[in-house]
Q: 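This is the structure, below, for whatever I ask next.
Position 1 is the first residue of the sequence; numbering continues from there.
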Amino acid sequence: MTHAAVAAPGARLKKLIRRNDDHAGTPRLSPLWTFVAWLATLAFFAPVAWMVLTSFHQEADAATNPPTPFAPVTFDQYKLLFSRDITPFLLNSAMASVISTVLVLALAVPTAYALSIKPVQKWTDVMFFFLSTKFLPAIAALLPVYLIVKDAGMLDNVWTLIILYTAMNLPIAVWMMRSFLAEVPKEILEAAEVDGAGLLTVLWRVVAPVAMPGLAATSLICFIFSWNEFMFAVNLTATNASTAPVFLVGFITSEGLFLARLCAAATLVSLPVLIAGFAAQDKLVRGLSLGAVK
């Protein structure tokens, strides 16, 4: 009789959970809101699609007013890009972005661990300090940074960009990873500590797999910021360490037509970011929404 009394609430609870699961599916939008969502998507995608389409046109067709979307298709602009040797610029951008992102994650994860899972004293002051480093506009620090880099003999060096990109993205990564690591169940960490796992083991074997969506979102955002950075790249590099955004500026001239070539270069430069975002899209969505619902 006692077992039946205990089992009855459990059965009722399971039935209630099953009933909620049946009615807790993905909410369906009305046809009107679906149409609005598609319009918004097309509005944001239209400039990108136009850029790609223009890259396959001749300069004369790209400069017509009104535009001619059905002009003859050609690959001349892309042939011109590779004839101007875009590869070193892409390699410099890839090296600066990838290495700086790895360094940012290597520094941000232990820092966020200390600020969320094992909070240090006055951790809110530490978080404010990281945020305060973003208060100063980058243009205001350009001259001091240029003088320091010049005195150090690091002008036109890709490692200068790596150091700067790491410093620029570290506050953002710490803030993001702190919110992600705060969602890691404390029971898992306590079980790992009971088993004798050290700090590095906990970070690598326990925290990293659980927070992988957050790591993917943080790394992709840091990669995009580094890949698109222009101000320091154009002022601190010349020929050896110039990045892809600097290469794009070379097509803008006061004489002649350059729109189709610029669109082709912009399309080619955008491909690595698009590929990285597409490859990590599932983890990116989960990472950006992690912690949104308590």
Q: So, for Ala96 and Ile162, which heavy atoms are closest and what is the spacing to 0.1 Å?
A: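 Smallest heavy-atom distance, with atoms named: CA-CG1, 3.7 Å.
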Q: Heavy-atom distance under 4.5 Å between the side chains of Val202 and Tyr113, does that happen here?
A: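 SC-SC contact between Val202 and Tyr113 confirmed.
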Q: Between Ile172 and Phe225, is any pair of side-chain heavy atoms under 4.5 Å apart?
A: yes
Q: Apply side-chain contact (heavy atoms from CB on, under 4.5 Å) to residues Leu248 and Val269 and explain how you reach the verdict.
A: CA-CA 9 Å; Leu248 294 180; Val269 170; 4.0 Å; yes
Q: Taking all non-hydrogen atoms of both residues into account, name the closest pair between Glu59 and Leu259 and its distance.
A: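 That closest heavy-atom pairing would be OE1-N, 3.2 Å.
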Q: Okay, side chain of Gln77, backbone of His57: is any donor-acceptor separation there less than 3.5 Å?
A: yes
Q: Please determine whether side-chain contact (heavy atoms from CB on, under 4.5 Å) holds for the pair Ile221 and Met176, giving the CA-CA distance in whole Å, both sets of side-chain angles, and the decisive distance to 0.1 Å.
A: CA-CA 10 Å; Ile221 289 177; Met176 292 184 64; 3.6 Å; yes
Q: Would you check, one step at a time, whether the test side-chain contact (heavy atoms from CB on, under 4.5 Å) holds for Glu229 with Leu164?
A: CA-CA 10 Å; Glu229 200 282 325; Leu164 290 175; over 6 Å; no
Q: side-chain hydrogen bond (donor to acceptor under 3.5 Å, both in side chains), that's the test. Do Ser226 and Asn169 meet it? Break it down for me.
A: CA-CA 8 Å; Ser226 300; Asn169 292 327; 2.9 Å; yes
Q: Given Thr111 and Phe130, is the side-chain contact (heavy atoms from CB on, under 4.5 Å) satisfied, shown in steps?
A: CA-CA 11 Å; Thr111 305; Phe130 277 106; 3.9 Å; yes
Q: Would the number of heavy atoms belonging to other residues, nucleotides or ligands and lying under 6.0 Å from CH2 of Trp50 be above 12?
A: yes
Q: About how many Å separate OG of Ser55 and CZ of Phe75, when rounded to the nearest 0.5 Å?
A: 9.0 Å
Q: If I compare all heavy atoms of Arg178 with all of Ser116, which pair ends up nearest, and what's the gap?
A: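 Smallest heavy-atom distance, with atoms named: O-CB, 3.7 Å.
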Q: Evaluate the side-chain proximity of Leu155 to Tyr146: yes if any heavy-atom separation is below 4.5 Å, no if none is.
A: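 Yes, at least one pair of side-chain atoms sits under 4.5 Å.
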Q: Find out whether Pro171 and Leu131 are in side-chain contact, i.e. whether some heavy atom of one side chain is under 4.5 Å from a heavy atom of the other.
A: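 Sidechains of Leu131 and Pro171: no contact.
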Q: Is any side-chain heavy atom of Arg261 closer than 4.5 Å to one of Leu81?
A: no
Q: Heavy-atom distance under 4.5 Å between the side chains of Val273 and Phe223, does that happen here?
A: yes
Q: Decide whether Ser242 and Asn92 meet the rule of one side-chain donor and one side-chain acceptor closer than 3.5 Å.
A: no
Q: Taking the six-membered ring for Trp, are Tyr78 and Phe56 ring centroids under 6.0 Å apart?
A: yes
Q: Just checking Lys134: does its NZ atom have more than 12 heavy atoms from other residues, nucleotides or ligands closer to it than 6.0 angstrom?
A: yes
Q: Any idea which heavy atoms bring Cys222 and Thr101 closest together, and the distance?
A: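 Nearest heavy atoms, Cys222 then Thr101: C-OG1, 3.9 Å.
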Q: Take atom CZ in Phe35; do more than 12 heavy atoms of anything else shown fall under 6.0 Å from it?
A: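 It does not: Phe35 CZ has 12 such atoms or fewer within range.
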Q: Below 4.5 Å, heavy atoms only, C-beta onward: do Asn240 and Asn157 meet side chain to side chain?
A: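 No; the side chains remain at least 4.5 Å from each other.
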Q: For residues Leu274 and Phe278, determine if any side-chain heavy atom of one lies less than 4.5 Å from a side-chain heavy atom of the other.
A: no
Q: To the nearest 0.5 Å, what is the distance between OG (Ser97) and CG (Leu161)?
A: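 Here the interatomic distance stands at 9.0 Å.
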